[in-house]
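The structure appears right after this line, and notes come after that.
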Amino acid sequence: MSSHKVSLMFFISLIITSLKAMAALAGNFYQDFDIMFGDQHLKILEEGKLVTLSLDKVSGAGFQSKNGYIFGRFDVQMKMPPGNSAGTVTTFYLSSSGPNHDEIDLEFLGNSTGEPYTLHTNVYAQGQGSKEQQFHLWFDPTKDFHTYTVVWNSKRIIFLVDGSPIRVFNNLESLRLPFPKNQSMKIYATFWNADDWATQGGRVKTDWSHAPFSASYRNFNINACLGSQGSPSSSCSTSTNSSAWQNQGLNAAGRNRLRWLQRKFMVYDYCTDRPKFPKGLPRECKHSRV
Ligand SMILES: *[C@@H]1O[C@H](CO)[C@@H](O)[C@H](O)[C@H]1NC(C)=O
Ligand SMILES: *[C@@H]1O[C@H](CO)[C@@H](O)[C@H](O)[C@H]1NC(C)=O
Ligand SMILES: *[C@@H]1O[C@H](CO)[C@@H](O)[C@H](O)[C@H]1NC(C)=O
């Protein structure tokens with residue numbers, strides 16, 4: 001074989017390898033997800049593009065991705081239950097399994113009619129959590145679908161709402177702080193009752209006369225590297241240009257937008273919660289978080 005042919009074949013096999021490693025999915029429920037719990041409380045509509053979860057006294061519902069991922073960009077459009085949704089929690093999160101787990105959370109805490117939803121975010125790195133930031137939203141999340149995004153690369157995690165960054169969690173391994181990067185995570189979406197803590201600290205209970213509650217998810221978009229649970233991130237070593245998320249950070253405009261949104265809409269930041277950390281705030285709090 002001529003060296004020309006060999007390099008051509010090498011090139012083709014490289015392309016095939018990258019295609020296998022990169023999953024770019026315009027999510028289809030049947031293809032990408034399994035039901036986790038709730039069976040008849042989960043409805044799959046529009047040929048797998050729309051999923052509704054319902055919650056009553058008997059059960060909520062949830063689903064999870066078939067695959068685990070190591071790094072990626074995960075977009076989903078969600079619509080929260082309207083009216084008196086106090087006590088309900090609608091989630092979209094990534095999590096590894098097993099001990100010392102990693103997790104990236106978006107949880108939408110319902111409220112009494114007319115009171116704002118709270119978007120609760122958290123990160124667990126090798127089992128260490130307690131890194132909560134909470135936000136009110138600048139729109140009513142029950143009226144329309146809005147896009148919620150997690151960008152997770154080796155340098156940082158970015159939470160976005162309708163494309164605007166609300167939180168950045170940086171990789172500070174250089175300071176020996178753990179960062180999620182050696183465990184693959186699955187995508188989860190759940191809808192459940194958490195009236196022991198969710199709304200105004202558990203003071204407002206779920207009013208079951210409004211049940212069943214309903215939350216909707218559509219247009220999952222997964223641009224990520226596949227990884228089996230617990231395996232190293234070798235499948236991410238291929239590079240492709242279709243994945244701006246791999247190096248995504250914030251430019252000056254993005255940093256300004258983040259600061260402005262945090263100033264206006266952040267309602268809780270663990271980094272200012274001194275009573276919670278009597279021995280001193282977590283070390284990452286001292287470092288720039290944009
Ligand atoms: C990888 O993850 C495990 C948790 O399963 C953790 O205990 C370990 O310290 C991590 N290793 C590195 C090199 O980050
Ligand atoms: C519910 O509304 C109250 C009053 O406006 C607000 O303080 C709270 O953050 C809202 N969200 C939750 C989950 O309690
Ligand atoms: C790769 O992506 C960058 C940024 O999106 C773009 O400017 C560049 O032209 C792309 N390169 C190729 C070879 O497509």
Side-chain angles (χ1 to χ4, degrees), residues 38 41 52-57 59-62 76-95 103-124 129-150 159-162 164-169 188-217 257-277 281 285 289:
H41 291 78
T52 65
L53 303 183
S54 69
L55 168 68
D56 58 24
K57 252 188 159 158
S59 179
V76 63
Q77 296 187 327
M78 295 169 67
K79 192 160 127 183
M80 309 310 153
N84 183 356
S85 58
T88 71
V89 176
T90 311
T91 75
F92 162 50
Y93 63 100
L94 298 164
S95 182
E103 190 173 318
I104 303 171
D105 288 325
L106 291 161
E107 302 191 318
F108 297 83
L109 315 182
N111 218 331
S112 320
T113 307
E115 300 297 336
Y117 264 74
T118 294
L119 167 52
H120 172 100
T121 65
N122 200 1
V123 175
Y124 286 77
S130 286
K131 303 179 194 306
E132 300 91 349
Q133 284 186 354
Q134 296 184 338
F135 304 84
H136 286 166
L137 297 162
W138 49 95
F139 50 83
D140 179 350
T142 72
K143 284 269 189 301
D144 292 298
F145 283 94
H146 290 268
T147 304
Y148 304 97
T149 304
V150 171
F159 297 78
L160 302 119
V161 173
D162 286 335
S164 287
I166 56 160
R167 175 172 189 178
V168 175
F169 185 84
Y188 295 87
T190 60
F191 185 36
W192 48 290
N193 175 44
D195 67 1
D196 53 336
W197 62 273
T199 302
Q200 298 178 34
R203 286 190 296 279
V204 185
K205 300 295 171 193
T206 304
D207 179 353
W208 293 111
S209 71
H210 289 79
F213 302 94
S214 170
S216 306
Y217 298 75
R257 180 93 180 129
L258 175 79
R259 286 197 198 98
W260 186 82
L261 288 171
Q262 290 197 337
R263 215 160 42 232
K264 299 233 9 155
F265 299 104
M266 188 155 69
V267 294
Y268 174 82
D269 183 5
Y270 75 110
C271 278
T272 60
D273 191 349
R274 291 181 185 276
K276 183 172 178 172
F277 302 103
L281 293 174
C285 295
R289 290 182 294 138

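Given the structure is predicted, the values throughout are model-derived calculations rather than measurements. In each ligand, atom 1 is the first atom listed, and ligand 1 is the first ligand listed.
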Numbered atoms and elements of ligand 2 in range of [X], under 4.0 angstrom, heavy atoms:
X	answer
T199	13 (C), 14 (O)
L109	13 (C)
P116	1 (C), 2 (O), 5 (O), 10 (C), 11 (N)
G110	13 (C)

Inset, instruction - May I ask you to identify, for A198, whether its side chain, its backbone, both or neither come under 4.0 Å of ligand 2 on a heavy-atom basis? - result: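 Backbone only.
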
Inset, instruction - Between H136 and ligand 2, find which residue part has any heavy-atom pair under 4.0 Å and reply side chain, backbone, both or neither. - result: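 It is the side chain that touches ligand 2; the backbone stays farther off.
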
Mind listing the side-chain donor-acceptor pairs of residues 259-267 below 3.5 Å, one per line with the distance, residues two or more places apart or on another chain?
from	atom 1	to	atom 2	distance (Å)
R259	NH1	N256	OD1	3.3
Q262	NE2	I166	O	2.8

Inset, instruction - Please state whether the rings of W197 and W192 are parallel, tilted or perpendicular, taking 30° and 60° as the class boundaries. - result: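 Rings of W197 and W192: tilted, 30 to 60°.
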
For [atom], what's the nearest protein heavy-atom neighbour? Residue, atom name and distance, please.
atom	result
atom 5 (O) of ligand 2	E115 OE1, 2.7 Å
atom 8 (C) of ligand 2	N111 ND2, 3.7 Å
atom 14 (O) of ligand 2	Q200 N, 2.7 Å

Inset, instruction - Go through the side-chain N and O atoms of Y124 and S95 and say whether any donor and acceptor fall under 3.5 Å apart. - result: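 There is no such pair between these side chains.
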
Inset, instruction - Name all residues meeting the salt bridge (charged side-chain N to carboxylate O under 4.0 Å, His left out) criterion together with K79; count only those two or more places apart in sequence or in a different chain, and write none if there are none. - result: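 Testing K79 for salt bridge (charged side-chain N to carboxylate O under 4.0 Å, His left out), a comparison that skips the adjacent residues, returns none.
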
For the backbone of [Y] and the side chain of [X], can you confirm whether one donor and one acceptor N or O come within less than 3.5 Å of each other?
X	Y	value
N122	D105	no
T90	F191	no
S85	N111	yes

